[in-house]
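Every chain is numbered from 1 and lettered A, B, ... according to where its sequence line falls, protein lines coming before strand lines. Computed over heavy atoms, backbone and side chain alike; hydrogens, waters and symmetry mates excluded.
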Amino acid sequence: MAQVSLKNIRKVYPNGAEALTPSSFDIGDGEFVVLVGPSGCGKSTLLRMVAGLEEITEGELTINGRVMNDVDPADRDIAMVFQNYALYPHMSVRKNIAYGLKNRKTPKDVIERKVAEAAAMLNLNEYLDRKPSQLSGGQRQRVAMGRAIVRDPALFLFDEPLSNLDAKLRNQMRIEIKALQRRLGVTSIYVTHDQVEAMTMADRIIVMNAGRIEQIGTPAEIYHRPASTFVASFMGAPPMNLISARLDGGRVMINGDTVLAAAEGSGAVTLGIRPEDVVLGAEGSISFHVDIIEELGAHRLLHGRLADQEFTIHVGKDVEAAPGETRIALKSDAITLFHPETGKAL
Amino acid sequence: MAQVSLKNIRKVYPNGAEALTPSSFDIGDGEFVVLVGPSGCGKSTLLRMVAGLEEITEGELTINGRVMNDVDPADRDIAMVFQNYALYPHMSVRKNIAYGLKNRKTPKDVIERKVAEAAAMLNLNEYLDRKPSQLSGGQRQRVAMGRAIVRDPALFLFDEPLSNLDAKLRNQMRIEIKALQRRLGVTSIYVTHDQVEAMTMADRIIVMNAGRIEQIGTPAEIYHRPASTFVASFMGAPPMNLISARLDGGRVMINGDTVLAAAEGSGAVTLGIRPEDVVLGAEGSISFHVDIIEELGAHRLLHGRLADQEFTIHVGKDVEAAPGETRIALKSDAITLFHPETGKAL
Amino acid sequence: MTEANAGVIDHAASHTPPRKRRIRWGAIGDHAVLIVGSLFMMLPLLMVLQMTTVPDVEVIKTGPSLTIGHQLPENFDKAMFQASGFSGQNTGLNMLKNSFILGIGFALGKILIGMMAAYAIVYFRMRFATLAFWVIFTTLLLPLEVRILPSYEVVQKLGMLNTYQGLIIPLIASATATFFFRQFFRSVPEELVEAARIDGAGPVKFFIDILVPLSRTMIAAMFIIMFVYGWNQYLWPTMITTEEDMFTLVRGIKQITQVLEGNRIPEYGRANLLAIIAIIPPVMVVIFFQSWFVKGLTESDK
Amino acid sequence: MKRAGFTARWLPILLLMPQLVIIAVFFYWPAAHAVQSSFFLQDPFGFGSTFVGLDNYKDLAGNGEYLSIAWFTVIFTVLVTFLSLSIALLLAVKADNVLRGAKTYRTLLMWVYAVAPPVAGFIGLIMFHQSWGPLTELARSIGWDFKLGVNFNDTATAMVIVSVWKQVPVNFIFFLSGLQSIPKSVREAALIDNRSASGRFWDVTFPLLAPTGFFLLITNITYSLFDTFGVIDTMVKGEPGNNPMTLVYKVYVDGFRGNDLGGSSAQSVVLMVLVLALTVFQFRLVERRIHYT
Amino acid sequence: EVEITWWHAMGGALGDTVNQIAEDFNASQDDYKITPVFKGTYEETLTAGIAAFRAGEQPNILQVFDAGAATVIGAKGATVPVQDLLQDNGVEFNIEDYISGVRYFYADSDGKMIGMPFNSSSPIMYYNVDALEKAGVTPPKTWEEFQTVTAPALKEAGYIGLSQSHLPWIFTENFHSRHDLPFATNDNGYEGAEGTKILVNNDAMKAHFTAVKDWKDKGFFEWYGTGWSDNQTPFEEGKVAIWLGSSGSFGGLSKKDLPFEFSATFLPYWESVTKEPKQTFIGGAALFAMAGKSDEENKATAAFFEFLTKPETQYMWHRETGYVPITTAAYEMAKADGHYDRAPAAEVGIKQLSLPAGKHTKGYRMGFYVQIRDVMNREYGRILTGETSVEDAFNNIETEANALLERFAKTQN
Ligand SMILES: Nc1ncnc2c1ncn2[C@@H]1O[C@H](COP(=O)(O)OP(=O)(O)OP(=O)(O)O)[C@@H](O)[C@H]1O
Ligand SMILES: Nc1ncnc2c1ncn2[C@@H]1O[C@H](COP(=O)(O)OP(=O)(O)OP(=O)(O)O)[C@@H](O)[C@H]1O
Ligand SMILES: O=P(O)(O)OC[C@H](O)CO
Ligand SMILES: [Mg+2]
Ligand SMILES: [Mg+2]
């Protein structure tokens, strides 16, 4: 178990690229923190600095109060699951899992027991003597997990561990990892660019963008109170609708229709609303044109245009809908307003 | 445009493996048919036989009434999009797209026009002179599409074209492909093992399992009236709940609670119900234990146990829920019953 | 062994304001080993080069030394433009030409024939595939040396003594390039041939339009390996060329070093310079293509 | 064979033709000829010959000198292969480690690749010259009275050193590419799992180089057996005497110098069989080798 | 103009002289043109010639050395005997014109000359005049003198007494002729390959090598390897006072501008073996006219041979290289020209060849002799490095050589 603290950590690569502007945050004992953000925003860089695989340019990294900047990766008591598993291709599953323990001079019987436990937990019993090349993607993923968990580390690091899996397996593994972390109570940092993973697994989410931290918060905060249009559009599938609106005399207007009655300030504003917070119905105050209906079994997505801007609505499977003109209303308590230029939440 | 018809098509590989038991179906002009099924069930085999890349062991394949069994792939007037795109790595995007036309001795100016049209349609204008290695996954995917559409083929074949993309891009491409096919009206066969793709794109879905066709039907039929437990559990994410029940005197009982009043027959039965067809509430007739709540933003999944069997419920984001004991009701019109052994719908 | 990532850390360190500057003994050790290794490889060549700059009389007395003399231009003239034989045709220049013809002809021939055969083996369903495979690959590791006398007679029977064909073709009769191309073709994604077939490309078109361009780096790697191999041939050219205008450099050097055994002042300057000249073209090829070479080798192993 | 191979009937035959014809004419025909000659004793000029059955082979088997040359060949091959592989591996690992100057080292280390074996032998003669060879002097400075061409072991040492020197660059290049194709993340995983650098090397890097290593092993064995011919020929200065020599050089000495066609053909056949076994071994292993991806 | 080729093994300064002869011949007439090609060592030249002959691509003239004589002469039909060649083409031939030592080495058992002696040499003793003076000794006449007087004094003076350049040629073949010992059965092999056995395993030889090894241990003698120049170089460097080499090396040595004065004299002999030392075998090589050539070309070859035997050509060759003049006429011309007054050492070779002949001094004729020499070299090397005993070495040489002779006999059917 560990508390991890980053103080003004900054990373400049030898070629001069600043992959991370000075950033700070603390992670509590047993907490599960998810780093999300688009490709190239610096997630892996941050994680790799914590792991010790990348030198820290500036700032201080402490784990349980001890400064770790110059400590060897093997001495940080961490376990890491790599995006592409990074299994040792020439070792059997058993050896892969045991390797980290062996190097820590764990007694043979302890190793055996731990490997057996992990294998049982991950349903890998039958595969212990296979080589990684003989496993399917999901099985490999589980071996990578096994290698991490047998170690009982103070800190788990995950770098997009599920991104190579197909959707079905990804769903399944997501639940397993989360359950496992709960059970073991190990502090974890989890990198992903998949917002579903972030939402379902995190205690807290850190949203990054272009080397900066955009927002830190619980999944609900991030989802419902995004700190910027970036966060709003990055989280959620489909993402929050962002529509240009005008704020005028306490009212927010789109194309002349009032959508929200009580707001302060005036001038151009960006209005954000999640597709599921839109109500479809003749009584709605705004007109909306449905172009495509996506049937997703449990619900439907109506893609269309509102005041000539793209707009998506999420409706239950029982709600009647057809392409063409219709009317909608926005749930007023679900509306977030953003500064039209900076994109920051107002 | 083409009508495709398979009559008792069978495939035995040289090593004796029967990848496809004799199967028949017809595809109408302009229809979009999706083949789904787990890995190894024979989807690619079937598609490749249609393409002419694999010899047909038995049966007859006709396209527009003409028997095609022995016709060269190049002469079948088809275009195929491969799982990993199979772009020619050394050719520019433009050349990749034009290659098939060039081989058919299409005049230069026609090629140019067609490539320009396709590029415009797929938003590839700026990339025409790049090599595939300089493109992102989504862009490559679009090049692969471009290569197929310039050909104006009678038949499109897609073999898991999206499975290498990340979730976000996959969602986006899914919509684009479907829109394109609508626009061009070309008959299409689309292989996937992703049920979301199948549900959203198909006019008709063919569900395969272990070399056999399990069910053919519209997405709604497949989703709501699965012909077997296999189809039920394969389609939908999360999949349909399948619970052992007893049919007794016209009633379906789980653990002594009646869940459905009007049914014929008697004895053990498997009851299927989709997670979204379960109603949560104190007035529910059945008791359910919630273990984990997955917060998905727009909705939540409650994973738990019903009569000691795994069970998942889909609830809106506004529905109150907490781990622990609760009560549920099943929407009776949404229940499907299956034979407990054969798994066929009753 | 030192830390596998020492280089990475070392590199980044230069941009870090010195917190606690750790001396990277590992990195220093790495460099030390590499420097010693480079010296081991290069020093002999440098010594040979030095010896071409001083008069032969001095060389026979002292061997390589640190003095740089003025003999180089004269030796160069001797090596390149003066024939060592009666016919006046085996000048360094002429031998250089022959070496190029042998090196390039051999490399190209081998690549062409190897590619064609590998293509047939990998991409076609054939009845006698296994037989063809073994017939070809039995020759993989067997060099000409062990059957050189009968080979000589065959070449003679075909009237190819003292011809470039006679020099080149028998050397091509082994399957190394075919083997490499086969390995490479097998690693080319299956879908490419399928896509091409659907795009209406027949076997010839596929080969020329897709496979050959795809094999570029592999061809480059092969070219280097084969060029160097052909260029460095010694015994075979010695046998097969009896006319001095057909001599290659390596064969010529041997003749000159043999003179070291003779009765007058050994022509160290000329021999050494020819040795250096014989090294330069293949080295240029290696260095010029090196990134492709390494890439070709790496990719072929996928 | 590709799954969707072409079915054309004549084209593949046409494609194979050049290779098959060349192999038939310049490989199988001479090889068959060698086999045939090995059963005869032949006048060098080709005027007379006597069928002697297996005598030539029996003579070999009973010839102590031949057997000790075979034994020397084994030792020489093992030494050259082992040393050139291990030095190259060491250098490749180091070159892979350093970022600064990596390209310079690589270029410097590649040069000798282009040196022809006889030229390497010639350079060896200079380096080990009896009166002023720099390496002779080096040896003398440590009290080793090195005598090329006189002392069997000294000559063998020089031959090994020159052969290794010539071969290190090729191995280096292959090892370096091999190292560079090991996924970075696997090495990083090891960094977390094992704090000992040498442990990481032997547990992870080394086994992952195995395919490259195996391929090189075969190449180096054939190099030591055959391509060192030029080195040896130059270093013995045309006089075998009591100098070390390998089997292929012995073929040359008996067949070329001595014009004993029957005897040297028998030796050729022995070598061919040996190498054939090596080829089969290579294919069985290479084809079966685990694909680590 | 008829063109003919000549493959030879004359490298370095010798090669230059060969080229000179060829140019002179080409310039002397307009009907023929000869092109000499250097083919490497004697062994390589012979092999190249044989391979080419089998291929039908043989040169007109092939230089074959003493050790290859049995091979080329045994293969009847490979060459045109020079005697026939000359006579058929109207060139006068009289074997008596040749000096006695060279007449029969390259002749068949009937005494017909098959190969044309060209570069005939004799192993002689070169010595460093300065060194011997310094040590206060004269060149040794006998090995007894060498080991008791010369060598110790030279050692005292800081020299290694002796080195030599060809153990089989000097210390074996010529050892036999100098002491008039039989070298092989069947009249040294002249009577045919069948049943010929080598007689090298005799007490005189063994005693000699025992002595040589002893000298080496005492620092009287040094052995620098099997290569010719390995052993010549230390003499040139002034480290070694006496060197046994070929009279054919004389030209080269003279041109080298050595930092000391050198001279030469006869090869020493063991007084304990004979009191009447005989002549030595001729060394070097002869030119063979290869068979299978057109009459025209043969005519050209004959013309060249005629040119070659001219006293002027022979004298020039002798003067430039040190190889002996093969005809009496040439010898006389050299004498008349005062060549030997200027360089007395140049005469040593021919004088030694003109010493009284013995029963076994005509020459020797053994097949696979190149390999037999290799065996000797190997075993001698082992004796000198202490890897084997003299006894074992000679047993080995005898066994292996006889096996080779037997094999060779089988090839001659
Ligand atoms: N070794 C390096 N040298 C220079 N720049 C680098 C290096 N590694 C990464 N970068 C740059 O640093 C930035 C952050 O990279 P990082 O790998 O942390 O992104 P990421 O958020 O993990 O992206 P992804 O989701 O694609 O994995 C990128 O712009 C990248 O190009
Ligand atoms: N060339 C072949 N030889 C023998 N068996 C084969 C061959 N190709 C495929 N099979 C087998 O045929 C069956 C069907 O394979 P197919 O590739 O059609 O599956 P799929 O449904 O496309 O699976 P996936 O979703 O994994 O692509 C599998 O059991 C497979 O192992
Ligand atoms: O050096 P040469 O020419 O005198 O020859 C010496 C011996 O006879 C060679 O066999
Ligand atoms: Mg990353
Ligand atoms: Mg498939």
Who wins among D:Leu148, D:Asn151, D:Asp254 for the most heavy-atom pairs under 4.5 Å with chain E? D:Asp254
What option among E:Gly367, E:Ala75, E:Gly225 has the most heavy-atom pairs under 4.5 Å with chain D? E:Ala75
Which bit of D:Val52 comes within less than 4.5 Å of chain E, counting heavy atoms only: side chain, backbone, both or neither? side chain
Less than 4.5 Å apart, any side-chain heavy atom of E:Thr411 and any of D:Gln42? no
So do D:Arg257 and E:Tyr42 actually touch side chain to side chain, heavy atoms under 4.5 Å? no
Could you look at E:Val72 and say if it's the side chain, the backbone, both or neither that has a heavy atom under 4.5 Å from chain D? both
Give the intermediate values and the outcome of side-chain contact (heavy atoms from CB on, under 4.5 Å) for residues E:Glu43 and D:Glu239. CA-CA 10 Å; E:Glu43 290 85 354; D:Glu239 282 296 342; 3.8 Å; yes
Give the member of E:Val375, E:Leu46, E:Thr47 that has the highest number of heavy-atom pairs under 4.5 Å with chain D. E:Thr47
Heavy-atom neighbours of D:Phe51 CZ exceed 12 at 6.0 Å: yes
What parts of residues 49-66 of chain E touch chain D if we use heavy atoms and a cut-off under 4.5 Å? E:Ile50, E:Phe53, E:Arg54
Residues of residues 59-66 of chain D with any heavy atom under 4.5 Å of a heavy atom in chain E: D:Asp59, D:Glu65
Test side-chain contact (heavy atoms from CB on, under 4.5 Å) applied to D:Asp55 and E:Lys410, step by step: CA-CA 12 Å; D:Asp55 280 3; E:Lys410 281 194 199 154; 4.1 Å; yes
Verdict with reasoning, E:Asp374 to D:Val253, per side-chain contact (heavy atoms from CB on, under 4.5 Å): CA-CA 9 Å; E:Asp374 285 347; D:Val253 163; 3.8 Å; yes
Going through the distances and angles, do E:Asp230 and D:Lys237 end up as a salt bridge (Lys or Arg N to Asp or Glu O under 4.0 Å)? CA-CA 10 Å; E:Asp230 295 343; D:Lys237 304 185 198 165; 2.4 Å; yes
Among E:Leu404, E:Val370, E:Ile372, the residue with the most heavy-atom pairs under 4.5 Å to chain D is E:Val370
Quick one: pull up CG in D:Asp260 and CZ in E:Phe368 and give me the separation to the nearest 0.5 Å. 4.0 Å
Let me see the working for D:Asn242 and E:Glu387 under side chain to side chain donor-acceptor pair (under 3.5 Å), right down to the final yes or no. CA-CA 10 Å; D:Asn242 185 29; E:Glu387 287 169 56; 3.1 Å; yes
What are the two closest heavy atoms between E:Thr71 and D:Pro44, and how far apart are they? CG2-CG, 3.6 Å
For D:Gln130, which atoms come within 4.5 Å of any heavy atom of chain E: side chain, backbone, both, or neither? side chain
Please assess E:Lys76 against D:Phe47 for the test side-chain contact (heavy atoms from CB on, under 4.5 Å), listing each intermediate value before the final yes or no. CA-CA 8 Å; E:Lys76 304 225 161 33; D:Phe47 289 111; over 6 Å; no
Heavy-atom pair count under 4.5 Å with chain E, highest-scoring of D:Pro240, D:Gly46, D:Gly241: D:Gly241
Heavy-atom proximity to chain D below 4.5 Å, by part of E:Thr385: side chain
Would you say the side-chain atoms of D:Asn243 and E:Arg378 include a donor-acceptor pair closer than 3.5 Å? no
